[in-house]
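Report on one structure; see the data block that follows.
Proteins come first, then strands; the chains are lettered A, B, ... in the order of their sequence lines, and each starts at number 1.
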2 protein chains.
Amino acid sequence: MDDTAAMPLDAETKVSERPADHEAELRLWLRLFTCTTLIEGEIRRRLREQFDSTLPRFDLMAQLDKAPAGMNLGELSQRMMVSNGNVTGLAERLVTQGLLERRPSPTDRRAQLVSLTAEGRRAFRAMARTHEGWIAEMFAGLKPGEIESLMQLLARAKASARKVAAAGESK
Amino acid sequence: MDDTAAMPLDAETKVSERPADHEAELRLWLRLFTCTTLIEGEIRRRLREQFDSTLPRFDLMAQLDKAPAGMNLGELSQRMMVSNGNVTGLAERLVTQGLLERRPSPTDRRAQLVSLTAEGRRAFRAMARTHEGWIAEMFAGLKPGEIESLMQLLARAKASARKVAAAGESK
DNA sequence: GGCAATTACTTTAAGCTTAAAATATATCCC
DNA sequence: GGGATATATTTTAAGCTTAAAGTAATTGCC
């Protein structure tokens with residue numbers, strides 16, 4: 001019935017509410033997660049209802065819209081931060097819809113080059129314009145200064161988390 | 001070269017680079033999303049590697065840990081903010097693993113009551129302790145004041161988004 | 001009592017996602 | 001040149017997630 005090992009240091013550990021050591025961080029994570037999930041869910045819902053599309057498809061198209069010459073699937077998966085296999089399936093569905101075009105890379109017979117079709121580009125631009133409005137709507141309750149503060153604090157949080165995540169993946 | 005506003009109608013608004021009216025909000029959303037995804041991915045990875053578990057399973061168990069008497073699936077799905085069908089499958093897998101127990105509700109023959117088994121409770125507590133440490137680790141780069149500021153700004157963002165999302169769902 | 005509406009849950013179909021294994025090609029080095 | 005290694009992509013198996021349709025039981029109301 002002693003507690004946490006050795007307890008090397010730092011007073012800090014108040015006692016009374018023992019378990020709560022990192023309560024502030026836990027609550028922050030919960031709030032961050034809830035906030036993101038709330039907005040994300042609404043965006044997904046609207047993409048589906050208004051454009052019969054999905055967030056991953058939108059993301060993929062956004063990457064290609066920035067690269068008119070097209071790119072291969074590996075590069076796409078890196079930029080989207082998802083697995084290779086994921087992009088394979090996503091691209092396939094977009095090709096079926098006529099929004100995406102694949103052709104073999106001229107320099108590497110293992111690789112495929114994908115790019116938006118004219119229709120894909122048109123469809124994406126329409127979605128993107130509307131999407132931008134949705135996001136503005138979601139954050140309409142924040143003042144410009146609050147947006148700026150949030151940006152900076154999230155940058156700090158991201159840097160902090162990135163350090164931890166990066167450490168693990170070198171492995 | 002001024003822009004936006006006024007300009008009500010626009011056929012198309014040609015003007016090459018239409019400057020993205022809501023760029024600040026868009027960048028904020030991107031950062032919020034990236035930050036959450038980064039942390040979430042690391043948590044998922046660790047749950048899998050260290051506990052052979054998943055985030056949805058962890059969340060479900062967390063709800064039940066707070067309700068020793070158990071609860072029915074509908075209540076669980078509400079608290080987790082996911083669909084009913086989702087909980088059905090999740091619970092099924094946890095039962096298979098011996099971490100969850102189902103029994104018919106004594107008062108309503110349509111309903112099931114679920115609760116953690118002794119083993120489930122033990123497993124959850126172990127995970128929760130470790131999980132708390134991970135979260136603290138992720139945010140270790142932030143000062144207490146920064147955590148506090150983030151909490152408040154995210155609360156404002158959440159309230160803003162909630163208003164928008166709620167408006168749509170009454171329908 | 002009996003029937004309509006509601007509620008609790010499950011099933012289905014579709015898509016997203018990943019890790020791991022498999023395939024095909026390219027590159028490096030002797 | 002030829003074999004080892006690395007790279008680009010696809011396939012597979014498993015799980016998560018949802019909306020919509022289906023089933024069963026309960027509740028409300030006449």
Give me, pair by pair, the N or O atoms of the protein and of nucleotides 27-29 of chain D that are less than 3.5 Å apart, along with how far apart they are.
none

Exercise for the section: Evaluate whether atom CD of A:Gln50 has more than 12 neighbouring non-hydrogen atoms of other residues, nucleotides or ligands under 6.0 angstrom away. Expected result: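 Correct, the count exceeds 12.
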
Under the salt bridge (charged side-chain N to carboxylate O under 4.0 Å, His left out) test, which residues partner [X], sequence neighbours left out?
{"X": "B:Arg110", "value": "B:Asp108"}
{"X": "B:Glu101", "value": "none"}
{"X": "A:Glu146", "value": "B:Arg156"}

Listed once per pair and sorted, the side-chain hydrogen bond (donor to acceptor under 3.5 Å, both in side chains) pairs that draw on [range], sequence neighbours left out:
{"range": "residues 52-71 of chain A", "value": "A:Arg57-A:Gln97, A:Asp65-A:Arg121, A:Asp65-A:Arg125"}
{"range": "residues 25-36 of chain A", "value": "A:Thr36-B:Thr36"}
{"range": "residues 133-143 of chain A", "value": "A:Arg46-A:Glu137"}

Exercise for the section: Might you point out which heavy atoms bring A:Ala157 and B:Leu150 nearest each other, and give the distance in Å? Expected result: CB-CD1, 4.3 Å

Handout entry: Contacts of A:Phe58 that satisfy ring-ring contact (aromatic ring centres under 6.0 Å, His included) - sequence neighbours left out
Key =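 A:Phe58 satisfies ring-ring contact (aromatic ring centres under 6.0 Å, His included) with A:Phe124, A:His131 only.
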
Problem - Rounded distance (Å) that lies between atom P of D:dA25 and atom CD of B:Gln112 - result: 12 Å

Name each donor-acceptor pair under 3.5 Å that joins a side chain in residues 158-167 of chain A to protein atoms two or more places apart or in another chain, with its distance.
unit_1   : atom_1 : unit_2   : atom_2 : d
A:Ser160 : OG     : B:Met138 : O      : 2.6
A:Ser160 : OG     : B:Gly141 : N      : 2.9

Handout entry: Short side-chain N/O contact to D:dA20 OP1/OP2 from A:Arg48, under 4.0 Å
Key =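 No, because none of the side-chain N or O atoms of A:Arg48 sits under 4.0 Å from OP1 or OP2 of D:dA20.
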
Exercise for the section: Residues of residues 58-86 of chain A with any non-hydrogen atom less than 4.0 angstrom from an atom of DNA chain D: list those, numerically ordered, please. Expected result: A:Asn72, A:Leu73, A:Gly74, A:Asn84, A:Gly85

Problem - Charged N-O contact under 4.0 Å between B:Arg129 and B:Glu132 - result: no

Practice task
Indicate yes or no: at least one non-hydrogen side-chain atom of B:Leu76 is less than 4.5 angstrom from one of B:Leu64.
Solution key: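 Yes, at least one pair of side-chain atoms sits under 4.5 Å.
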
Handout entry: Sidechain-backbone polar pair: A:Ser77 side chain, A:Ser83 backbone, donor-acceptor under 3.5 Å
Key =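 Between the backbone of A:Ser83 and the side chain of A:Ser77 there is no qualifying donor-acceptor contact (under 3.5 Å).
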
Practice task
Would you indicate what A:Ser105 reaches in the nucleic acid, counting non-hydrogen atoms under 4.0 angstrom: base, sugar-phosphate, or nothing?
Solution key: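 Answer is nothing: A:Ser105 stays at 4.0 Å or more from every strand.
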
Problem - Positions of residues 87-94 of chain A (non-hydrogen atom under 4.0 Å from DNA chain C), listed by number - result: A:Leu90, A:Arg93

Handout entry: Where chain B begins and ends its contact with DNA chain C, read 5' to 3' at 4.0 Å from heavy atoms
Key = C:dT7 to C:dA19

